[in-house]
There are 2 protein chains.
Amino acid sequence: MRTRLKDVADNLKLSPALVSGVLNRRPNVWASEETRKRIIEAARTLNYQPSAAAQALSRGKSDTVALVYRRLEGPSYRLAYSGLVDTLSSGLQASGLGLAVANFADQEAVLDHLQKLAGTRACDAVILWGREQDTEAQGELLEKLGIPFLVKGRHERDHPNWNQIDFDHEGMMAQAVDHLADLGHSRLAYLGFPHDEAFVRALRRGYVQGHRRRLGSDPDPRFFAEHEDLVAPNAETINGWLSLPEDERPTGFVVGAGNSAWQALETCIAQVHRKLGFETGDDAAAGVTSLFFTLMFGNALVYQGIEIDSLARLALPELLTAIERGEPAESVHRFLPALSPAPSLDLLQHGVSFSGDAP
Amino acid sequence: MRTRLKDVADNLKLSPALVSGVLNRRPNVWASEETRKRIIEAARTLNYQPSAAAQALSRGKSDTVALVYRRLEGPSYRLAYSGLVDTLSSGLQASGLGLAVANFADQEAVLDHLQKLAGTRACDAVILWGREQDTEAQGELLEKLGIPFLVKGRHERDHPNWNQIDFDHEGMMAQAVDHLADLGHSRLAYLGFPHDEAFVRALRRGYVQGHRRRLGSDPDPRFFAEHEDLVAPNAETINGWLSLPEDERPTGFVVGAGNSAWQALETCIAQVHRKLGFETGDDAAAGVTSLFFTLMFGNALVYQGIEIDSLARLALPELLTAIERGEPAESVHRFLPALSPAPSLDLLQHGVSFSGDAP
DNA sequence: CTGAAAGCGCTTACAG
DNA sequence: CTGAAAGCGCTTACAG
């Protein structure tokens with residue numbers, strides 16, 4: 001049988017109220033040092049653990065934060081979330097809070113669940129993760145329901161007062177431009193995603209603004225391409241660029257896309273007997289990659305494994321404060337990761353060479 | 001203000017007990033169809049949601065399952081877990097159960113937390129994930145505490161009665177041997193991990209037994225190598241194999257290791273102007289890879305993205321039954337995925353060739 | 001078919 | 001410094 005508060009109190013011939021007060025360090029509870037010691041000792045000896053349900057019921061809070069999101073298909077989404085739960089759970093645990101996770105296939109189910117969470121009081125706060133097109137309505141619902149929340153994404157325009165967190169995509173692209181300019185490249189090209197999502201727009205914007213600021217001009221529109229995450233369409237565009245006269249073609253590449261763009265870039269460049277690198281005469285590239293990525297031929301600086309958990313770690317304190325105070329947190333967090341060298345197989349050092357075929 | 005059971009009852013001039021009984025479809029509650037309809041309708045209208053805490057307290061169960069694990073460092077571990085939480089959460093949700101997640105840096109903290117979970121009754125069952133060396137003691141603790149649990153891993157020897165789930169690593173390796181033999185290869189080599197973990201041993205065992213069964217002999221001990229997940233040591237071994245006389249060297253490769261082994265294999269084979277493939281004259285390989293993996297030069301059948309969530313999906317029903325019955329589930333589940341073609345860049349089709357240097 | 005009552009295990013004023 | 005009492009919002013026999 002589990003030991004209850006009453007058991008501890010009976011054991012010490014004290015009232016449950018006093019034992020409860022001491023164990024919870026309640027400020028206006030007066031007990032001699034001696035009594036406190038006995039209480040704490042007895043609780044330990046009897047292995048007393050307060051019932052979570054009873055505490056939740058009487059305190060009116062669950063000491064639980066819910067992570068709620070719409071499930072997205074495909075391994076890249078999975079990847080993008082990996083590590084998130086780890087970080088959230090351990091961060092919350094450190095503050096004595098539990099993490100409940102719930103995900104659903106469609107937005108309607110998510111909204112239903114949020115409504116239910118509010119009704120059953122199963123959590124004190126919510127963390128929303130996912131694409132802005134989903135999280136926006138989710139946040140609005142929580143706002144209406146008066147539940148503190150933290151949302152991943154870029155809602156600064158329509159909801160500047162939301163507690164929100166995301167990468168500083170603009171800054172990331174600007175850093176990439178700076179790096180290439182530092183290496184001496186002035187004709188830059190951009191490989192991005194074609195999607196109409198907030199982070200894609202931010203990458204785009206960051207590239208354009210970085211280009212203006214650092215190189216004093218708008219990017220050459222010929223050298224701006226956005227393709228799905230497939231090798232072939234990227235390769236076609238890149239081959240077009242590379243077939244231009246030597247003094248016209250781009251030599252620096254900013255990547256705001258996935259691994260397929262990188263693979264196309266490396267392959268195409270190798271086929272014209274060049275490579276990505278940091279030396280004079282090398283072409284150069286910088287930008288984002290997926291979590292697992294290895295260059296085959298050359299070297300480049302990348303945002304690799306840009307850790308989604310950095311985000312969580314950054315915004316969690318604010319959320320915790322909001323939970324304690326019971327009022328919404330208001331803050332926009334943007335995280336700017338650093339460029340670092342991508343791992344490379346350095347195949348060119350190991351006997352690989354190319355004839356001139358195009359993919 | 002939230003609406004409580006009492007509000008619904010007052011509204012209908014009924015007793016809370018009746019309303020509760022009808023809403024929970026309790027069998028020995030008698031109410032006219034008309035009354036039932038009115039109750040359900042009123043609950044809907046008033047947006048009544050029973051308090052999770054109150055239900056947990058009075059029912060003595062939390063309708064929550066806890067996923068507890070020791071946090072392992074490194075992206076490959078992350079990857080191996082990605083998708084797990086998605087699957088568990090949605091699977092449990094479908095049965096009206098919530099998922100609580102807690103992870104800790106070290107084993108001691110995990111055990112503490114399990115003890116606490118038992119004491120606070122914060123969950124009805126636990127799912128343990130991680131390496132056998134950790135989960136074994138965790139499972140033993142839960143067994144002692146009398147909490148139903150499901151554990152990922154291979155505990156069939158010491159705890160055959162545990163509800164446990166893992167891949168059929170033996171079967172996977174045997175399938176790989178069969179595939180290579182089907183292609184006509186008889187001199188096989190094995191690239192594995194050097195670790196003393198249950199799944200590594202199972203891969204090893206599966207290869208050896210598969211080799212015996214299909215090829216009628218023990219594997220050639222010269223062609224058996226286990227290296228850390230790094231390219232260089234794998235490449236050294238493979239180069240040794242490839243330098244043997246044509247009619248002695250292995251032509252089929254079973255991989256029970258990570259992407260580095262594959263990268264070494266591909267590079268070394270390409271440098272002797274061969275490639276992995278399914279045609280006569282090709283070398284061939286089959287085995288496990290990490291979630292994100294692309295061949296550069298050739299083709300092979302792999303267990304790619306062997307989905308950890310298949311495991312969860314497979315064992316969850318059993319766990320749910322155990323929770324309902326309140327007694328431990330007893331069952332060993334092994335999941336055998338199918339080999340499928342790895343994605344390939346097919347660089348050999350696109351102008352890549354090799355000189356003879358060694359990595 | 002229906003309702004009053006006790007109980008789940010805590011917390012929180014409040015009176016001493 | 002201490003203890004009796006009410007309350008959190010349900011569920012569950014139990015008596016009608």
Side-chain angles (χ1 to χ4, degrees), chain A residues 1-40 42-43 46-64 96 116-124, chain B residues 1-39 42-43 46-64 96 116-122 124:
Chain A
M1 192 51 200
R2 295 186 51 248
T3 90
R4 299 153 305 164
L5 185 61
K6 184 169 185 310
D7 300 323
V8 180
D10 287 355
N11 191 285
L12 297 171
K13 316 252 186 244
L14 295 173
S15 73
L18 183 63
V19 176
S20 167
V22 168
L23 254 23
N24 291 292
R25 306 165 193 286
R26 224 164 283 137
N28 359 357
V29 161
W30 299 106
S32 65
E33 261 319 301
E34 143 103 47
T35 308
R36 281 178 196 278
K37 284 232 170 58
R38 286 179 58 221
I39 290 177
I40 290 169
L46 300 174
N47 190 26
Y48 168 66
Q49 318 260 32
S51 148
Q55 281 194 327
L57 180 58
S58 60
R59 287 180 179 170
K61 52 202 280 285
S62 60
D63 288 338
T64 295
K116 189 177 162 197
L117 279 180
T120 61
R121 293 266 140 133
C123 70
D124 300 335
Chain B
M1 193 50 203
R2 295 185 52 249
T3 91
R4 299 154 305 164
L5 185 62
K6 184 171 186 310
D7 299 324
V8 180
D10 287 357
N11 192 285
L12 296 170
K13 315 255 187 240
L14 295 173
S15 73
L18 183 63
V19 176
S20 166
V22 168
L23 255 23
N24 292 291
R25 306 163 191 285
R26 224 166 284 141
N28 5 357
V29 161
W30 300 106
S32 65
E33 263 317 301
E34 143 102 49
T35 309
R36 282 179 195 278
K37 284 232 169 61
R38 285 180 58 220
I39 290 177
L46 299 174
N47 190 27
Y48 168 67
Q49 319 261 31
S51 149
Q55 282 194 327
L57 181 58
S58 58
R59 288 182 178 169
K61 51 200 284 282
S62 59
D63 288 339
T64 295
K116 191 177 160 199
L117 278 180
T120 61
R121 293 267 139 131
D124 300 335

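Computed over heavy atoms, backbone and side chain alike; hydrogens, waters and symmetry mates excluded. Per chain, numbering begins at 1; letters A, B, ... match sequence-line order. Remember, predicted model here, so these are calculated numbers, not experimental data.
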Between B:S20 and A:A17, which has a closest nucleotide on DNA chain D that is more 5'?
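Looking at the nearest nucleotide for each, A:A17 comes out on the 5' side.
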Nearest to the side chain of [X] - [options]?
X	options	result
A:R4	D:dT11, C:dT12, C:dG9	C:dG9
A:T35	C:dT11, D:dT2, D:dC10	D:dT2
A:A54	D:dT11, C:dC10, D:dC8	C:dC10
B:R59	D:dT11, C:dA4, D:dC10	D:dT11
B:S58	C:dC10, C:dC8, C:dG9	C:dC8
B:R26	C:dC1, C:dG9, D:dT12	D:dT12

Determine which nucleotide pairs with D:dA13, using a 3.5 Å limit on both distances of a Watson-Crick or G-U wobble pair.
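Here D:dA13 is not engaged in any pair, so there is no nucleotide opposite it.
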Which nucleotide, if any, forms a Watson-Crick or G-U wobble pair with D:dA4, using both distances under 3.5 Å?
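None - no nucleotide pairs with D:dA4, as no candidate has both distances under 3.5 Å.
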Locate the shortest heavy-atom distance separating A:R59 from A:N24; write the atom from each residue and the value.
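Heavy atoms only, the tightest pair is NH2-OD1, 2.8 Å.
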Hey, does B:L18 reach any base, or is it just sugar-phosphate, or nothing, if we go heavy atoms under 4.0 Å?
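Sugar-phosphate only.
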Determine the Euclidean distance between corresponding C1' atoms of C:dT2 and D:dT12; express it in Å to zero decimal places.
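These two C1' atoms come out 15 Å apart once rounded.
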